[in-house]
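Small disclaimer: the values here were computed from a predicted structure and weren't measured.
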Amino acid sequence: GGSNRGSSVFFRRFETFGRTADRDWAINLPDGERAMGCAVGMGWAAVVTSRRFLRLFTVSGIQGPVLWIPGEPVTVVGRDRFVAVFHHRCSAPMRDGTQMLGYAIFDGLTGASVASGEVSALGPGASLAWAGFSDRCALSVVDGEGTLSMLARYPGSGGSNGGGGGNWMPMLDTAGLRRTASDAFWPVEVHGGRLVCVPLRDGRDHPDPARRPVTTTLNLRIPMVTGSMVKGAKEEELSVRGIFAVNQEKVLDDYLVSTGDADEEEIEEEYNQKCMQVDKVTLKLFSAVVQSGRVERAYDLVRRLHSEKAMDTAVQMAERVGQRKLCDRIDDLRLRKDPPIEEEDDEPFDEDGDAASFDSRVSEERSGRSFDNGEEEEEPAIVTERRRPEMTSRNISPEFEGGVRTPRRQAGRTRDNDEDPEGYQSTDEESPPPRESLKRK
């Protein structure tokens, strides 16, 4: 008893391959340490405490790393392998009342630092209203004004676990979707390019707990400026959001490959397919711009393309409208992004130097050999099937010392084109010499 007693944490699993009695577990924090927030993910559970600790556990109850948090904890969220902690960067907000918050993303299984930085996604005088991860593990927040923002990270910007941060991008402003000024939206999750939420009416700030809430989905739409490209405004916003999505996909894929949780070839194929979809949207926008004659804008769009095939398509579109200079610039850009692989050519033969070095090497090789008769070794003759009987007759000349000798074929070989590629088959008998070679003049 007493107010100094630590908090108790209870964990209940939905399924287990062990005993049902071991499915649930509980743990008591040390005296004076209170639980400020909890989160769960794939294979892990996390508790943020009043001591500015992040305590990690496995789903079976095994304790993991205990990590310090840079400031007073605000909330903690998790999904898949990742856990994110939001904390105060200072004890007081800004002059206009905006909260000064920071974030830190960790690997829920190992405790490795993944990313960290400031939460700059809060409007003037606003505070943090909701936080979570999207279905592709992009950290997301909603401020008190109803603006959804997501953390944009870029491939190779900080390594697989370098602790680098990213940039916050506004992905949806729900203020323009309200029917009245007192309406609001209660966020649930970000999934498939949509915000799943519960509409709130009549000034309510949370759903009725006594009734099952009815959810709705709002398509994400970056609040871009209208007027620069009226005809392609939709494609322009979709292209920017698509590039954001493939970048987050690449960051997640690289991390999963580095931890051994994904196959690099399979993930690369999926990533290339998504890049092709984004390139199709960009090419559609490029077509409208190049037909209007705005070649500089068209060139800027080409820089967003991912594949060489998409650049070839852009060149064809530019050629159809006679934009030769634009085609040349696209070709130069393509060569810079995907330089051709140069094959190593054979070195040119120098008649003086190379020939002399070649002759010297041949002389050295020959000088190192020893022959019984003191003569130079003759080059081996190339024997064909037709010349084989003729050469055999020469070897059995009667002038050979000791009389006529019949040459013996290589042991174990006789003619048979069906069973041996050289045309011989196994035998132990001698081959009789041709009759013509045994006649004396």
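Put simply, the side chain of R81 never gets that close to the backbone of M42: no donor and acceptor are under 3.5 Å apart. Under the 3.5 Å distance criterion, the side-chain polar atoms of D135 are matched with a main-chain donor or acceptor of G192. In this structure a side-chain-to-backbone donor-acceptor pair under 3.5 Å is missing from Q323 to V290. At least one donor-acceptor pair under 3.5 Å links the side chain of T259 to the backbone N or O of L256. T98 contributes a side-chain N or O that, together with a main-chain N or O of G125, makes up a donor-acceptor pair within less than 3.5 Å.
For the pair S307 and D279, the minimum side-chain heavy-atom distance is below 4.5 Å. At a threshold of 4.5 Å between non-hydrogen side-chain atoms, the residues L195 and M171 do not count as touching. With a 4.5 Å cut-off on side-chain heavy atoms, W130 and V188 do not count as touching. At least one side-chain heavy atom of L285 sits less than 4.5 Å from a side-chain heavy atom of E236. Between Y271 and D253 the shortest side-chain heavy-atom distance falls below 4.5 Å. Side-chain contact between V74 and H88 is present, with at least one heavy-atom pair separated by less than 4.5 Å. The side-chain heavy atoms of I27 and F10, taken from C-beta on, include no pair separated by under 4.5 Å. Using a 4.5 Å heavy-atom cutoff, the side chains of V59 and W44 are not in contact.
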Next item on the list: Decide salt bridge (Lys or Arg N to Asp or Glu O under 4.0 Å) for R23 and E15; before the verdict, give the C-alpha distance in whole Å, the side-chain angles of both, and the deciding distance to 0.1 Å.
Entry: CA-CA 7 Å; R23 182 178 58 183; E15 58 183 12; over 6 Å; no
Checklist line | From CA spacing to verdict: ring pair (Phe, Tyr, Trp, His ring centres under 6.0 Å), W25, F57 | finding: CA-CA 11 Å; W25 53 269; F57 305 87; 5.7 Å; yes
Next item on the list: Just do the side chain to side chain contact (heavy atoms under 4.5 Å, CB included) check on L148 and T174 with the steps written out, would you?
Entry: CA-CA 8 Å; L148 169 66; T174 62; 5.8 Å; no
Note to self: Determine whether R324 and E319 satisfy the following criterion, side chain to side chain contact (heavy atoms under 4.5 Å, CB included), listing intermediate values before the conclusion.
What the structure shows: CA-CA 6 Å; R324 189 63 251 176; E319 288 179 346; 3.4 Å; yes
Note to self: Show, in sequence, the C-alpha distance, side-chain angles and deciding distance for L67 and F53, and conclude whether the side chain to side chain contact (heavy atoms under 4.5 Å, CB included) test is met.
What the structure shows: CA-CA 6 Å; L67 308 175; F53 286 167; over 6 Å; no
Next item on the list: Quick one: do R241 and E237 satisfy salt bridge (Lys or Arg N to Asp or Glu O under 4.0 Å)? Show the steps, please.
Entry: CA-CA 6 Å; R241 184 154 46 87; E237 185 274 336; 2.8 Å; yes
Margin query: With salt bridge (Lys or Arg N to Asp or Glu O under 4.0 Å) as the criterion, how do D22 and R19 come out once you've worked through the C-alpha distance, each side chain's angles and the decisive distance to 0.1 Å?
Written below: CA-CA 5 Å; D22 299 333; R19 298 187 307 172; 2.9 Å; yes
Next item on the list: Give the intermediate values and the outcome of salt bridge (Lys or Arg N to Asp or Glu O under 4.0 Å) for residues D332 and R336.
Entry: CA-CA 6 Å; D332 295 339; R336 290 197 301 268; 5.4 Å; no
Next item on the list: Using the side chain to side chain contact (heavy atoms under 4.5 Å, CB included) rule, take L238 and V278 through it: C-alpha gap first, then chi angles, then the decisive distance, then the call.
Entry: CA-CA 8 Å; L238 191 58; V278 176; over 6 Å; no
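The heavy-atom pair separating V315 from C327 by the smallest distance is O-SG, 3.6 Å. For S50 against M36, the heavy-atom pair with the smallest separation is N-CG, 3.5 Å. Of all the heavy atoms in Y299 and I330, the pair that sits closest is CE1-N, 4.4 Å. Between L139 and W168, the shortest heavy-atom distance links the atoms O-CZ3, 3.7 Å. In this structure, Q248 and A138 approach most closely via the heavy-atom pair CG-CB, 4.5 Å. Summarising the geometry of L54 relative to A46, their closest heavy-atom pair is CD1-CB, 3.9 Å, with the distance given to 0.1 Å.
For the residue pair S239/R304, the side-chain donor-acceptor check at 3.5 Å is satisfied. Counting only N and O atoms by type, the side chains of D261 and Y255 include no donor and acceptor under 3.5 Å apart. Remark: the T49 side chain and the E33 side chain contain an N/O donor-acceptor pair separated by less than 3.5 Å. A donor and an acceptor atom, one from each side chain of D183 and T180, are located under 3.5 Å apart.
Distance check, rounded to the nearest 0.5 Å: CD of Q277 to OG1 of T282 gives 12.0 Å. Interatomic distance, L220 CG to S140 OG, rounded to the nearest 0.5 Å: 8.5 Å. Atoms SG and CD, from C90 and E72 in turn, are 12.0 Å apart once rounded to the nearest 0.5 Å. Residue I222 holds its CD1 atom at 12.5 Å from CG of D173, rounded to the nearest 0.5 Å. Rounding to the nearest 0.5 angstrom, the gap separating the CG atom in D143 from the CG atom in L101 is 11.0 Å. Rounded to the nearest 0.5 angstrom, R55 CZ and Q63 CD are separated by 7.0 Å.
The side-chain contact (heavy atoms from CB on, under 4.5 Å) test with F185 singles out one residue from L172, L177, V142, and that residue is L177. With respect to K337, the side-chain contact (heavy atoms from CB on, under 4.5 Å) criterion is satisfied by exactly one of M311, H306, E308: M311.
Classified by interplanar angle (parallel below 30°, tilted 30° to 60°, perpendicular above 60°), the ring pair F82/F133 is tilted.
Within the structure, side chain to side chain donor-acceptor pair (under 3.5 Å) contacts touching residues 207-221 (residues at least two apart or in different chains) are R194-N219.
Salt-bridge check for R12 with D24: passed, with a basic side-chain N closer than 4.0 Å to an acidic carboxylate O.
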